[in-house]
Number of protein chains: 2
Amino acid sequence: MGRKMSGAQAMADQINPKDVVEELIEFTRKDMEAVNEMLLARVGSRVEMVPEIASYLIDAGGKRLRPMLTVAAARLFSPENTHHINYAAAVEFMHTATLLHDDVVDESSKRRGKLAARMVWGNAASVLVGDFLLGQAFMMMVETRDVDALGVLSQAAAIIAEGEVFQLSKANDLSTQVDEYFAVIKAKTAALFEAATEVGAMAGGASEEQRKALKEFGAELGIAFQLVDDVLDYGGASGTIGKNVGDDLREGKMTLPILHALKNADEADCAFIKQHLGDADASAETVAKVVEILHSTNALEEALMRAREHADAAKAHLSAFADLPGCRILIDVADYCVERAY
Amino acid sequence: MGRKMSGAQAMADQINPKDVVEELIEFTRKDMEAVNEMLLARVGSRVEMVPEIASYLIDAGGKRLRPMLTVAAARLFSPENTHHINYAAAVEFMHTATLLHDDVVDESSKRRGKLAARMVWGNAASVLVGDFLLGQAFMMMVETRDVDALGVLSQAAAIIAEGEVFQLSKANDLSTQVDEYFAVIKAKTAALFEAATEVGAMAGGASEEQRKALKEFGAELGIAFQLVDDVLDYGGASGTIGKNVGDDLREGKMTLPILHALKNADEADCAFIKQHLGDADASAETVAKVVEILHSTNALEEALMRAREHADAAKAHLSAFADLPGCRILIDVADYCVERAY
């Protein structure tokens, strides 16, 4: 390895990301089978288009990270019923609804390497099936009759949407501040991670203190996760240009790498970024040139350092419970969330 | 009056629609002030675009019929707390969210005589602010900690979205059956009326039997209301061509007047309707010609007869409670829902 290793790189090297995912899958396998059954049952509708579109997103490609976090959080403790299955399924439906609506909002043509649902069935169906899944998510929550968990998840739903509106209002806004970026990702991404682990802990019968720790773990993990996503959108740590790279540039999203570069690049490079931010037709060459600027200003590595800080904060919240069976897996997941950038 | 009066016309003449609305407003005034305060408080957001868009829809023009029904249903009985305020506000937010999403789905340019929100702020913001309002609606429900009412309203949310997808899948589908039309309007419109009156009754402390009666009242009222809306879209009973007339034709909506005309008109007239169904650019002259066909086949009067049947069914569900103070107002509202077509 000729490239100099950053601190984050060195730490992340201690884990093998594939093993972490495998471990998490194994730890949650039995419950996730029940979750998957519930998802399948609840996309059912006499209106054919509903299961068609929902399955298109749910069947394929998704890692199911969020529902696995709910299940894993519950399994740190001792669930006495199947509430965590309902919450995990609800969290996945909420996430899927967000994806369907995001594709319409961002006018995306691709999702997880496939055509976005809106390209196949249209914007209208994507909006409405998203609404349907949100309604089904609430019904699954109601079935547990736990009003506190319902409160956690409905608050998350409102915060996520608010965060998306905030992001939209900041698109192409060159005056966007770093703290505004963090406000956006806390709302649009971390809120669901936070709710996912909190309701998991609640369903598992965690103490108040444990519940709070799992909630904070999820919140920090979600921030790290989105920071890394925003780095991956420019090819990750190595800056490899592959498919779907540069979408955020084309959509004018003011992510941390861009904010960092605009602050640190020379005048010509800044002008280049400004010129192409929000240009839906930016070419692969343009994106490559922006990635080059991001590297020259250390913007991607900087964003990953911040991701590492939040992953570390996530892990710290679990330190008091590190001896609970399964806790090591959640701690490793925090490292994994950063490691996937490399 | 030179025109021959139908049975429905004769019955509806017994009430003055303006008086009914005034009576309902008066009966619910105090509670609706609290509802309005709650609506105003809950559209608040640090993201400016959220209250801007939400207020644009909520402030202006809306009759607030649905939340008034929730309040009126509660006030038939004896609410011991303010749960009915929360439910009424939640119902209004659910309705507003549906309007925001419908305008995107239908690509509408107007709503209540104003530019549709999507024409001012764009589709993306309309989708996301709708999602935000839905999340806020659930939070207001959760605050009452009544899981049963939450179940009623979350089921309604899923059914409404499913009905909208069904309607979308039937757009321009000339093989649409009358029972499919009724399935669409039961889901997309009646489900919220039904939930609105049911949770009102629950919050008022109704007995099981009373709750069921109010639920059925709402369901039948909702069907009547949508049937009349679909007649009003072609100018109402008199077929007066005004603004916003013909939107359903342009969107290819297979409403009962169209289904009736396609079954009863001669070949040339059927061909004319088929030719222009779903033509977004259909001229006022084209719409006028379609309205003429609807009149010649008695399609509008037929739809109003069905509306009258459902309004009567709604009233029948309340007959056992007719001596409850305020019940007469709800019974009059059923007549009003039909009368507004004339």
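Every chain is numbered from 1, with letters handed out A, B, ... down the list of sequences. No hydrogens, no waters, no symmetry mates; every other heavy atom, side chains included, goes into these values.
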Q: Could you grab the distance from atom CG of L134(B) to atom CZ of F138(A), nearest 0.5 Å is fine?
A: 7.0 Å

Candidate polar pairs, chain A side and chain B side, donor-acceptor under 3.5 Å:
| unit_1 | atom_1 | unit_2 | atom_2 | d |
| --- | --- | --- | --- | --- |
| S45(A) | OG | E162(B) | OE2 | 2.5 |
| H101(A) | ND1 | D131(B) | OD1 | 3.2 |
| H101(A) | ND1 | D131(B) | OD2 | 2.6 |
| D131(A) | OD1 | H101(B) | ND1 | 3.2 |
| D131(A) | OD2 | H101(B) | ND1 | 2.6 |
| R145(A) | NH1 | D148(B) | OD1 | 3.1 |
| R145(A) | NH2 | D148(B) | OD1 | 3.2 |
| D148(A) | OD1 | R145(B) | NH1 | 3.1 |
| D148(A) | OD1 | R145(B) | NH2 | 3.2 |
| E162(A) | OE2 | S45(B) | OG | 2.5 |

**Q.** Heavy-atom pair with the smallest gap, counting every atom of A157(B) and G135(A)
**A.** CB-CA, 4.3 Å

(Q) Out of A97(A), A124(A), G130(A), A125(A), return the one with the most heavy atom pairs under 4.5 angstrom to chain B. (A) A124(A)

(Q) If I measure from the heavy atoms of chain B, does A149(A) come under 4.5 Å with its side chain, its backbone, both, or neither? (A) neither

Q) What residue in L150(A), V129(A), V105(A), I159(A) has the most heavy-atom pairs under 4.5 Å with chain B? A) V105(A)

